[in-house]
Amino acid sequence: MDYNHRSIEQKWQTFWAQNQTFKTAESTDKPKYYVLDMFPYPSGAGLHVGHPLGYIASDIFSRYKRLKGFNVLHPMGYDSFGLPAEQYAIQTGQHPAITTEVNINRYREQLDNIGFSYDWSREVRTSNPDYYRWTQWIFIQLFNSWYNKDADKSESIDTLINRFKSEGSQGVSAESDEDISIFTAEEWNAFPEEDQQRELLKYRLAYLRESTVNWCAALGTVLANDEVINGVSERGGYPVEQKKMMQWSMRITAYADRLLRGLDTVDWPDPLVEMQRNWIGKSVGASVIFPLTPKGGIEVFTTRVDTLFGVSFVVLAPEHELVDALTTEAQRSAVASYLAKTAKKSELERMADTKTVSGVFTGSYARHPITGDDVQIWIADYVLAGYGTGAVMAVPSGDQRDYVFAKHFNLPIIPISDSQNIEEQADPTKDGRYINSDFINGMTYQEAVSAVIAKLEALKLGKAKVNFRMRDAIFGRQRYWGEPVPVYFKNGIPYLIKEEELPLLLPEVDKYLPTETGEPPLARAEGWKYQDQYEYELSTMPGWAGSSWYWFRYMDPQNQDIFVSKEAVDYWKAVDLYIGGSEHATGHLLYSRFWNKVLKDLGFHQEEEPFKKLINQGMIQGRSNFVYRVLDDEGKGTNQFVSLGLRDQYNTVPLHVDVNIVFNDVLDTEKFKTFRSDFADAEFILENDKYICGTEVEKMSKSKFNVVNPDDIIETYGADTLRLYEMFLGPLEQAKPWNTNGIEGVYKFLRKVWRLFHDAEGNFSVSDEEPTKAEYKALHKIIKKVEDDIERFSFNTSVSAFMICVNELTELKCNKRRILQDLIIVLESYAPHITEELWILLGNQAGTISYAVYPKFNPDYLVESEFAYPVSINGKMKLNLSLALDLDAKAVEEIVIGNADVQRYLDGKAVKKLIFVKGKIINIVV
RNA sequence: GCCUAGGUGGUGGAACUGGUAGACACGCAGGACUUAAAAUCCUGUUCCCGUUAAGGGAGUGCGGGUUCGAUUCCCGCCCUAGGUACCA
């Protein structure tokens with residue numbers, strides 16, 4: 001019988017499902033290993049061949065770990081709340097839950113076709129009430145917590161309340177809003193309940209406050225910073241404006257430092273770690289106050305407090321709160337027109353236009369904190385309201401932007417270092433000694449920083465300060481298809497609904513659009529009131545809420561009492577290997593780390609970091625094919641199409657052609673005639689009797705006719721071929737275009753594997769004879785190679801090694817059971833269906849290959865046979881002198897140390913090092 | 001601009017700590033089997049010179065350097081991809 005992937009794969013997928021072969025239990029002596037995929041959003045388009053890349057890699061790793069004796073947790077689920085289902089609902093009126101269900105079933109079918117070893121009994125769906133009940137529960141924990149800086153962790157809000165009751169706000173060191181009040185215990189206890197609640201809100205990790213948000217009118221919702229790309233929405237590309245709104249937020253900035261420190265402890269790709277570092281954006285510097293007359297001052301943040309004596313003016317962002325108060329009558333009209341001008345500029349224009357220098361003098365002066373000299377106060381849009389204090393001290397000699405500004409407006413430029421060169425541009429050097437700098441003249445950089453900070457602190461006009469670029473995360477969305485926030489309002493104060501009242505179910509609405517008055521869709525829910533009288537929160541949670549803790553739920557998916565039991569989380573701890581795309585660097589991966597830390601602080605588990613090791617799989621791009629339509633003299637399309645190589649001789653226009661009717665860039669001209677009705681009478685100008693198509697790498701999309709559905713590949717070649725081929729395509733992390741040019745080779749390989757177990761007539765036939773040394777050598781090479789490759793995630797090189805191995809065994813006509821059985825165990829993780837089939841043909845029990853023992857590598861098989869290369873065993877080098885005979889001893893002039901045998905051969909001379917390549921000595925180091 | 005990754009045949013890519021560059025696969029060319037096709041197998045395939053050959057030369061983005069030896073390490077430059085951006 002020939003290799004028939006269709007019957008084999010169908011049979012085993014059914015068997016695995018019926019026998020729950022990959023169901024995972026906690027009760028075992030085996031060490032645990034947790035392999036996680038980033039769960040997909042089930043979109044209407046289904047999976048294309050790019051999606052499974054990371055899933056195949058994680059499945060190979062999971063299966064490999066099982067063979068290595070680990071108890072592997074490898075679950076899958078769906079991130080099923082999200083915008084596309086809602087958009088579809090708006091257009092069609094169909095409930096998003098229905099579309100989502102349909103899409104999930106489609107995804108499941110496609111995933112099953114690939115033969116993954118998921119434990120489906122642990123599936124989670126974020127839009128399922130049994131799941132989002134716990135997302136709401138976690139929100140409650142966040143609302144009930146505050147960050148205690150003294151303990152450097154989050155605590156129950158009760159500890160803060162007790163403290164207020166007994167000692168007032170004195171001595172509390174918390175991550176909080178800026179505008180907290182100062183009060184004694186007596187005052188606190190005398191506060192009305194509502195004032196107490198308002199004050200506590202400034203400390204909670206989940207809090208409500210007025211903030212500037214990215215408002216997208218077209219989508220009718222606010223967006224997080226990472227959902228806005230270049231001033232337009234990531235989804236849909238609609239314009240986004242800044243707007244002040246009352247919003248739920250998450251105090252992620254409280255964890256900024258811990259999020260940063262944690263990055264040193266995880267095994268993640270460098271670019272990803274770097275992205276998160278930049279996103280958090282820690283700057284160490286100082287805050288300095290420039291006093292105003294008669295009272296008050298302008299606070300600025302600087303990373304170069306040592307340049308304080310080079311300050312020649314202060315600049316405020318146009319949105320700065322003091323702008324109005326500081327504008328003098330003489331300057332009022334100039335300032336007003338400048339503000340009007342900048343307000344008109346969109347965020348996008350303001351960022352793009354970094355070359356034009358613009359600004360306006362307020363007419364007012366601040367005092368230099370140390371010298372007391374007058375310092376002009378300017379307004380300019382190169383200062384951002386959202387970063388630092390929205391004001392900067394300008395040091396033109398040390399900062400290029402300040403330099404350009406000073407030159408343009410003819411403001412003084414004061415050199416402050418003896419090694420500065422400021423003829424052409426600012427010079428931020430820290431190397432020299434200070435000049436023109438009062439009491440720090442002659443000091444070095446380090447000395448100056450501490451001296452200036454000490455002086456500012458003594459004057460109470462500044463202090464050392466750490467500033468972060470990261471902002472608190474906006475948590476509310478004015479959408480329907482998300483988790484309801486478990487909050488109701490009484491007298492304008494938010495209160496939590498009780499834990500035992502969860503889940504707070506998403507109410508039914510007649511339409512999924514915002515109301516005419518601009519309220520979120522949930523306002524349409526009739527009679528939806530807490531205890532029939534209190535308004536619920538009408539916004540829902542953002543897309544990242546459900547995905548910020550899902551790895552816990554897989555550990556204990558059915559638990560009705562808690563989001564994850566202590567026993568389960570003590571056993572599985574954290575994710576050992578996480579595979580997914582780098583596009584989640586500053587979103588999901590950051591929020592997940594944040595929630596993980598909060599839940600740790602509150603005592604629900606022990607792990608500071610949720611994902612120990614992380615691998616980014618590269619995106620698979622589409623590879624579009626083009627035909628070239630010949631144009632007539634008037635530039636109109638004819639029915640003639642010219643092959644790629646000859647198109648220069650004609651006037652042509654390229655047209656996308658469906659990649660599914662192109663093979664190895666050769667067009668199937670018959671199928672092309674049926675591709676579009678107007679191509680029915682197409683004529684072709686061929687080269688070498690073929691029509692060659694042009695190619696281009698683009699994003700995979702329906703409109704470009706370059707989408708390849710994994711189901712089609714599986715139908716033709718089988719899931720094992722798809723799995724091997726996706727790995728064979730190149731390094732996992734690398735982005736690469738999909739093409740099927742090499743898939744035949746992989747398919748051929750599997751047929752060769754099949755034939756090793758079958759005789760010329762196609763009958764199953766293996767021998768129980770003792771294998772030869774050459775056969776053992778071929779086997780042990782692959783045992784070692786695959787082990788090494790999988791451990792370093794180099795799956796593509798394994799596939800090549802498999803091909804070499806099978807070619808060798810075919811050459812040797814090897815049909816020895818002892819060799820072949822071990823071979824398929826090694827191959828199992830890559831091609832589970834064919835190996836399972838061969839496993840039972842060898843007389844083993846069905847379903848057991850996944851839990852077989854990975855063969856043990858024995859280096860002797862590689863060494864004894866022919867000394868192909870020097871092999872170090874227990875630190876000693878084995879050499880075969882007969883092979884070293886043709887070395888060129890003339891090159892050796894002086895020999896120092898070396899192997900005794902080699903010494904004897906080389907007339908008693910000794911060498912430092914012999915360089916062998918494939919059995920020959922190619923060089924001697926003396 | 002800054003940060004990160006990368007640049008190797010006609011193509012995807014290999015070379016894991018410096019050691020015969022181009023494994024493996026695709027494609028292409030030629031051949032075997034077959035009435036024929038499919039399937040399978042064999043041979044060749046970095047480029048240039050050389051009638052086939054023997055043989056020689058060049059070669060891992062460009063220019064230098066370290067080394068007996070560099071795709072690999074160092075310096076400078078060019079290009080590509082991803083991230084980020086008046087972040088004080």
Side-chain angles (χ1 to χ4, degrees), chain A residues 2 230 269-279 281-283 285 288 300-305 307 315 317 350-357 380-384 386-395 398-402 404-405 428 467-470 582-583 585-586 616 618-619 621 623 664-666 688 695 697 724-725 728-731 733-746 748-749 751-752 755 760 785 788-789 791-792 794 796-805 807 810 869 891-893 912-926:
Chain A
D2 273 350
N230 290 332
D270 291 342
L272 198 77
V273 169
E274 207 52 38
M275 264 189 252
Q276 284 212 351
R277 270 209 191 103
N278 291 339
W279 189 262
K282 181 178 182 173
S283 306
V288 183
V300 302
F301 174 75
T302 177
T303 53
R304 289 296 301 275
V305 71
T307 64
V315 191
R350 209 164 130 180
M351 284 196 297
D353 182 20
T354 59
K355 288 182 196 80
T356 332
V357 183
D381 65 3
Y382 80 88
V383 177
L384 304 174
Y387 182 76
T389 61
V392 301
M393 59 180 222
V395 184
D399 182 283
Q400 186 58 23
R401 290 158 305 180
D402 298 344
V404 172
F405 196 83
N467 202 40
F468 292 95
R469 199 191 79 113
M470 185 170 66
S582 60
E583 67 271 21
T586 55
N616 285 133
M619 208 181 38
Q621 298 135 310
R623 187 171 184 278
N664 285 338
D665 296 336
V666 177
N688 303 324
T695 63
V697 173
L724 280 161
Y725 186 62
F728 182 68
L729 217 45
E733 309 81 10
Q734 196 176 296
K736 56 222 157 208
W738 173 262
N739 71 80
T740 45
N741 288 353
I743 200 165
E744 285 284 344
V746 173
K748 235 183 258 180
F749 157 76
R751 285 199 302 248
K752 285 184 190 173
R755 251 180 276 128
K785 175 73 177 159
D788 290 351
D789 281 352
E791 299 281 357
R792 62 190 175 101
S794 176
N796 55 327
T797 50
S798 282
V799 181
S800 294
F802 277 126
M803 291 177 176
I804 296 170
C805 176
N807 285 343
T810 304
Y869 29 80
V892 185
E893 290 188 353
K912 237 190 232 169
K913 195 175 170 191
L914 289 171
I915 309 303
F916 280 74
V917 174
K918 292 182 185 166
K920 280 189 185 160
I921 291 174
I922 59 148
N923 206 349
I924 299 167
V925 181
V926 297

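Chain naming here is simple, since letters A, B, ... match the order of the sequence lines and numbering starts at 1 in each.
The side chain of A:F728 approaches B:rA25 more closely than any other nucleotide in the set B:rA23, B:rA88, B:rA25. Listed nucleotides B:rA25, B:rC41, B:rG12 differ in distance to A:L729; the shortest reach to its side chain belongs to B:rG12. In the set B:rA88, B:rA23, B:rA14, the nucleotide with an atom closest to the side chain of A:P731 is B:rA14. When the nucleotides B:rA14, B:rU84, B:rU40 are ranked by their closest atom to the side chain of A:R469, B:rU84 comes out on top. Checked against B:rU40, B:rU84, B:rU4, the side chain of A:P271 finds its nearest nucleotide in B:rU4. Each of B:rC16, B:rA23, B:rA5 was ranked by its minimum atom distance to the side chain of A:S800; first place goes to B:rA23. In this structure, of B:rG13, B:rU4, B:rC24, it is B:rG13 that holds the atom nearest to the side chain of A:K736. Closest to the side chain of A:M803, out of B:rA25, B:rU40, B:rC86, is B:rA25. Closest to the side chain of A:L384, out of B:rC26, B:rC86, B:rC24, is B:rC86. Checking B:rA39, B:rA88, B:rC86 against every side-chain atom of A:D381, the shortest atom distance belongs to B:rC86.
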Identify each donor-acceptor pair in which a side-chain atom of residues 269-278 of chain A lies under 3.5 Å from a protein atom, sequence neighbours left out, and give them as a table.
residue	atom	partner	partner atom	Å
A:Q276	OE1	A:R593	NH1	2.7
A:Q276	NE2	A:A585	O	2.8
A:R277	NH2	A:D264	OD1	2.9
A:N278	ND2	A:E274	O	3.4

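In this structure, A:R277 reaches neither bases nor backbone, as no heavy-atom distance under 4.0 Å exists between it and the strands shown. Note on A:K282: nothing from the nucleic acid sits closer than 4.0 angstrom, heavy atoms only.
Pairing partner, B:rC41: B:rG31, with both Watson-Crick or wobble hydrogen-bond distances short of 3.5 Å.
Partners of A:P737 according to the side chain to side chain contact (heavy atoms under 4.5 Å, CB included) rule, which considers only residues two or more places apart in sequence or in another chain, are A:Q621, A:R623, A:V697.
For A:N796 and B:rA14, the shortest distance from a side-chain N or O to OP1 or OP2 is below 4.0 Å. Residue A:Y382 has no polar side-chain atom (N or O) positioned under 4.0 Å from OP1 or OP2 of B:rA88.
Of the listed residues (A:V799, A:N796, A:L729, A:I743), just one forms a side chain to side chain contact (heavy atoms under 4.5 Å, CB included) with A:L724, and that residue is A:V799.
Taking syn as a glycosidic angle within 90° of 0, B:rG83 does not qualify and is anti.
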